[in-house]
Enquirer: 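The following block contains the structure, expressed as structure tokens.
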Amino acid sequence: MNNCIEVYKYYSGRIGKKIYNSPAERKTPLKQIKYQDKKAARVCGWKIAENFTRGDLWATLTYPARKVIEPETARKDISLFLVYLRRLYKKAGMEVKYIYTAGRSKRGMVHFHIVLNKFDTQRIAETWHKISGGGCHFKHLYVNEYNYVDYRKIADYLIKNSCETFYRKEKIHKKRFCASLNLKMPVIEKRIVKAKTWKQDPKSIQGYVLDKNSIYNGYGWADSGDCWEGCRIQRYTLIHVGATCTKKRRRKKKYDLPEIFEDNLFANT
């Protein structure tokens with residue numbers, strides 16, 4: 001991904017075995033649903049990291065207060081809004097990129113959170129107001145301590161927002177998040193390492209610094225501290241050394257360079 005590499009290690013249960021998916025027999029277990037939510041957040045985060053930078057927009061689209069919005073109406077409004085956005089961007093010689101989710105507040109009010117590449121916010125707000133009569137609230141994308149887009153925080157918030165409607169009987173969308181088709185995915189490199197285990201304290205590689213806050217050693221996505229489901233995993237993030245850290249403790253720390261690096265990598269593009 002741009003400016004960073006995600007490393008994800010796990011033990012594969014498929015090596016030397018033939019595993020087939022069994023037919024659906026009952027409702028999806030809760031632990032599987034939680035895993036799917038986390039997986040959607042990971043994919044969403046990859047798309048944000050690969051396609052959006054500092055200065056791009058985080059917008060919240062709302063409806064007039066106390067106005068009841070049916071799911072079908074919300075779908076039509078957001079679809080029409082995106083049609084007009086494509087026209088606005090095209091006239092400016094640009095191509096719109098977006099990721100959005102639909103949510104409901106505790107009072108049942110529908111709203112949308114959308115990530116957009118930077119554009120004239122006034123024209124975006126006017127377009128949404130003409131369609132829905134509601135308003136727009138804008139922010140720049142969150143950044144982490146390295147002044148890069150905090151794609152994990154944004155993706156987690158988007159998926160959490162979509163769960164407010166995704167698990168309802170009258171859901172607005174059948175997907176956890178919606179994205180434009182012109183978004184790029186990072187290059188994924190898979191490597192099989194013949195080893196019984198890995199080091200609990202990972203090391204960085206040349207040109208990158210290890211983000212200590214991203215290190216996780218546990219069991220899959222369902223590790224709650226006292227019980228677990230799934231295989232043993234390790235994940236962490238390597239940040240390009242060109243980043244400017246905003247914390248003093250990071251500036252004083254020297255980079256750790258390993259002797260050998262042969263892990264599974266999500267290579268930057």
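For clarity, every value in this text was computed on a predicted model and none was experimentally measured.
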Enquirer: Please report whether the ring centroid of Trp198 lies less than 6.0 Å from that of Tyr10.
Expert: no

Enquirer: Given Tyr89 and Asp120, is the side-chain hydrogen bond (donor to acceptor under 3.5 Å, both in side chains) satisfied, shown in steps?
Expert: CA-CA 10 Å; Tyr89 277 72; Asp120 187 349; over 6 Å; no

Enquirer: What I'd like to find out is whether the side chain of Val209 reaches to under 4.5 Å of the side chain of His240, using heavy atoms alone.
Expert: no

Enquirer: side-chain hydrogen bond (donor to acceptor under 3.5 Å, both in side chains) between Ser132 and Asp77: does it pass, once the steps are laid out?
Expert: CA-CA 7 Å; Ser132 66; Asp77 289 345; 5.9 Å; no

Enquirer: Mark yes when over 12 heavy atoms from residues, nucleotides or ligands other than Lys171 sit less than 6.0 Å from its NZ; otherwise mark no.
Expert: yes

Enquirer: So, His137 side chain and Thr60 main chain: donor-acceptor pair closer than 3.5 Å or not?
Expert: no

Enquirer: Is the backbone N or O of Arg104 less than 3.5 Å from a side-chain atom of Glu164, with the two atoms forming a donor-acceptor pair by type?
Expert: yes

Enquirer: State, with a plain yes or no, whether a side-chain heavy atom of Ile114 is found less than 4.5 Å away from one of Trp128.
Expert: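 Side-chain contact under 4.5 Å: no.
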
Enquirer: Please say yes or no: joined through hydrophobic side-chain contacts below 4.5 Å, possibly via intermediate residues, are Leu158 and Leu82 part of one cluster?
Expert: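 Unlinked, Leu158 and Leu82 end up in two clusters.
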
Enquirer: Look at the side chain of Ser105 and the backbone N and O of Met109, then say whether any donor-acceptor pair between them is shorter than 3.5 Å.
Expert: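 Yes; judged by distance alone, with no hydrogens or angles, the pair exists.
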
Enquirer: Does Phe52 have its ring centroid less than 6.0 Å away from the ring centroid of Trp58?
Expert: no

Enquirer: How about CD on Glu72, more than 12 heavy atoms from neighbouring residues, nucleotides or ligands closer than 6.0 Å, or not?
Expert: no

Enquirer: Side chains of Glu145 and Asn213, heavy atoms from C-beta outward: is any pair under 4.5 Å?
Expert: yes

Enquirer: Does a side-chain N-to-carboxylate-O contact under 4.0 Å join Glu189 and Arg191?
Expert: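 Yes, charged N to carboxylate O under 4.0 Å.
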
Enquirer: Is it the case that Arg235 places NZ or CZ above or below the six-membered ring of Tyr216, under 6.0 angstrom from the centre and within 45 degrees of the axis?
Expert: yes

Enquirer: Using every non-hydrogen atom in the two residues, find where Arg176 and Thr101 come nearest and quote the distance to one decimal.
Expert: O-CG2, 3.4 Å

Enquirer: With no hydrogens and no angle check, is any side-chain donor or acceptor of Ser214 less than 3.5 Å from a backbone partner on Tyr236?
Expert: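 Checked: no pair found.
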
Enquirer: Please check this pair: side chain of Glu50 against backbone of Val187, looking for a donor-acceptor N/O pair closer than 3.5 Å.
Expert: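 Checking the backbone N and O of Val187 against the side chain of Glu50, no donor-acceptor pair under 3.5 Å is found.
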
Enquirer: So how far is it from Leu238 CG to Leu210 CG, rounded to the nearest 0.5 Å?
Expert: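 Reported to 0.5 Å precision, the distance equals 6.0 Å.
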
Enquirer: Under the 3.5 angstrom rule, does the side chain of Asn217 hit a backbone N or O of Gln234 as a donor-acceptor pair?
Expert: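 No: the side chain of Asn217 does not pair with the backbone of Gln234.
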
Enquirer: Check the orientation of Tyr100 and Tyr98. Use parallel for under 30°, tilted for 30 to 60°, and perpendicular for over 60°.
Expert: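 If you compare the ring of Tyr100 with that of Tyr98, the planes turn out tilted.
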
Enquirer: Contact between Ile99 and Leu183 at the side-chain level, heavy atoms closer than 4.5 Å - yes or no?
Expert: yes

Enquirer: Who pairs with Asp156 by side chain to side chain contact (heavy atoms under 4.5 Å, CB included), at least two apart in sequence or on another chain?
Expert: Ala41

Enquirer: In the structure I gave you, are the side-chain heavy atoms of Ile154 and Tyr151 within less than 4.5 Å of one another anywhere?
Expert: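 Not touching, per the 4.5 Å side-chain cut-off.
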
Enquirer: On the ring face of Tyr142, is Arg54 found with NZ or CZ under 6.0 Å from the centre and within 45° of the axis?
Expert: no

Enquirer: May I ask you to check whether over 12 heavy atoms, not counting those of Phe119, lie within 6.0 Å of atom CZ?
Expert: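 More than 12 within 6.0 Å, yes.
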
Enquirer: Does the separation of the ring centres of His113 and Tyr157 fall below 6.0 angstrom?
Expert: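 Aromatic pair counts; centres sit under 6.0 Å.
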
Enquirer: Taking C-beta and beyond as the side chain, do Thr127 and Leu88 meet within less than 4.5 Å on heavy atoms?
Expert: yes

Enquirer: Ignoring hydrogens, what is the shortest heavy-atom contact between Val96 and Ser180? Give both atom names and the distance.
Expert: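 So the two residues come closest at O-OG, 4.3 Å.
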
Enquirer: Is the shortest side-chain heavy-atom distance between Asn182 and Lys97 below 4.5 Å?
Expert: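 A side-chain contact under 4.5 Å exists here.
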
Enquirer: Check this for me: Asp201, atom CG, are more than 12 non-hydrogen atoms of other residues, nucleotides or ligands nearer than 6.0 Å?
Expert: no

Enquirer: Mark yes or no for whether His140, through its side chain, and Gly55, through its backbone, hold a donor-acceptor pair below 3.5 Å.
Expert: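 Answer holds: yes.
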
Enquirer: Please check this pair: side chain of Ser79 against backbone of Lys76, looking for a donor-acceptor N/O pair closer than 3.5 Å.
Expert: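 Judged by distance alone, no pair lies under 3.5 Å.
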
Enquirer: Does Thr165 reach the main-chain N or O of Gly103 with its side chain, forming a donor-acceptor pair under 3.5 Å?
Expert: no

